Amino acid sequence: MDRIPVLQMGKFLLVTIQVDLYDRLALNLESDLVQMVNKTGARGVLIDISALSIVDSFMGRIIGNIGSMSKIMDAETVVVGIQPAVAITLVELGLELKGVSTALNVEKGMALLRRKIGSFEDTQEEEHDDNSVE
């Protein structure tokens with residue numbers, strides 16, 4: 001059975017989709033990513049779709065689902081490399097990618113994840129400091 005590779009880079013998972021996704025492959029990716037977030041304790045998921053020229057409503061929902069599930073599991077999701085035609089299609093279909101941030105490319109996406117994770121960890125440290133007894 002075909003699978004999209006999910007790579008771990010420190011606190012982040014990286015997925016580069018380089019083939020058109022048929023329904024079963026998209027569902028496998030969704031399941032694999034959620035399992036990897038759980039297994040690795042990843043704090044961020046970066047999905048590169050720059051090789052995709054078409055994203056249909058099903059794939060849009062899968063991306064949104066990944067973002068929502070990852071968020072529930074305490075991980076941020078960033079999608080990068082959205083082609084103009086894909087952006088137009090997503091807007092025309094009225095698909096909101098809830099729980100998903102976007103960035104122009106992988107470099108900017110990683111920087112965004114670092115900022116999101118860093119600001120979250122800073123907030124947790126402040127809360128921990130506020131609760132400590134001196």
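None of these values were measured; they are calculated from a predicted model. Below, each value reflects all heavy atoms present in this structure, side chains not excepted, and no hydrogens, waters or symmetry copies. One-based numbering along the sequence shown.
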Listed pairs under 3.5 Å, donor-acceptor, residues 79-89 side chains, sequence neighbours left out:
residue: Gln83; atom: NE2; partner: Ser50; partner atom: O; Å: 2.8
residue: Thr89; atom: OG1; partner: Ala85; partner atom: O; Å: 2.9

Scan the side chains in residues 96-110 for donor-acceptor partners under 3.5 Å anywhere in the protein, sequence neighbours excluded, and list what turns up.
residue: Ser101; atom: OG; partner: Lys116; partner atom: NZ; Å: 3.4
residue: Asn105; atom: OD1; partner: Glu107; partner atom: N; Å: 3.2
residue: Asn105; atom: OD1; partner: Lys108; partner atom: N; Å: 2.8

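Here Gln8 pairs with Leu13, Thr40 under the side-chain contact (heavy atoms from CB on, under 4.5 Å) rule; sequence neighbours left out. For Asp32, the side chain to side chain donor-acceptor pair (under 3.5 Å) partners two or more places apart in sequence, or in a different chain, are Arg3. Under the rule for a side-chain contact (heavy atoms from CB on, under 4.5 Å), Val91 has no partner lying at least two apart in sequence or in another chain.
Both Phe58 and Ile63 are assigned to one and the same hydrophobic cluster, defined by single-linkage of ILVMFWY side chains at heavy-atom distances under 4.5 Å. Linking ILVMFWY residues whenever their side-chain heavy atoms come closer than 4.5 Å, directly or via other members, places Ile4 and Leu27 in the same cluster. Under the 4.5 Å side-chain heavy-atom criterion for Ile, Leu, Val, Met, Phe, Trp and Tyr, Ile117 and Ile72 are members of distinct hydrophobic clusters. By the criterion of side-chain heavy atoms lying less than 4.5 angstrom apart, applied directly or through intervening Ile, Leu, Val, Met, Phe, Trp or Tyr residues, Met9 is grouped together with Val78 in one hydrophobic cluster.
If you take CG on Leu21 and CD1 on Ile49, they are separated by 9.5 Å, rounding to the nearest 0.5 Å.
Listed by first and then second residue, the salt bridge (charged side-chain N to carboxylate O under 4.0 Å, His left out) pairs involving residues 61-71 are Lys71-Glu76 (not counting sequence neighbours). Applying the side chain to side chain donor-acceptor pair (under 3.5 Å) definition to pairs two or more places apart or across chains, none involves residues 12-21.
The minimum heavy-atom distance between Gly44 and Leu113, with the atom names listed, is CA-CD2, 4.0 Å. Here the shortest heavy-atom pairing between Thr77 and Ser70 reads OG1-CB, 3.4 Å. Annotation for Ser57 and Leu93: closest pair N-CD1, 3.8 Å, computed over non-hydrogen atoms.
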Criterion side-chain contact (heavy atoms from CB on, under 4.5 Å) on Ile62 and Ile66, from CA distance to verdict: CA-CA 6 Å; Ile62 292 292; Ile66 290 169; 4.0 Å; yes
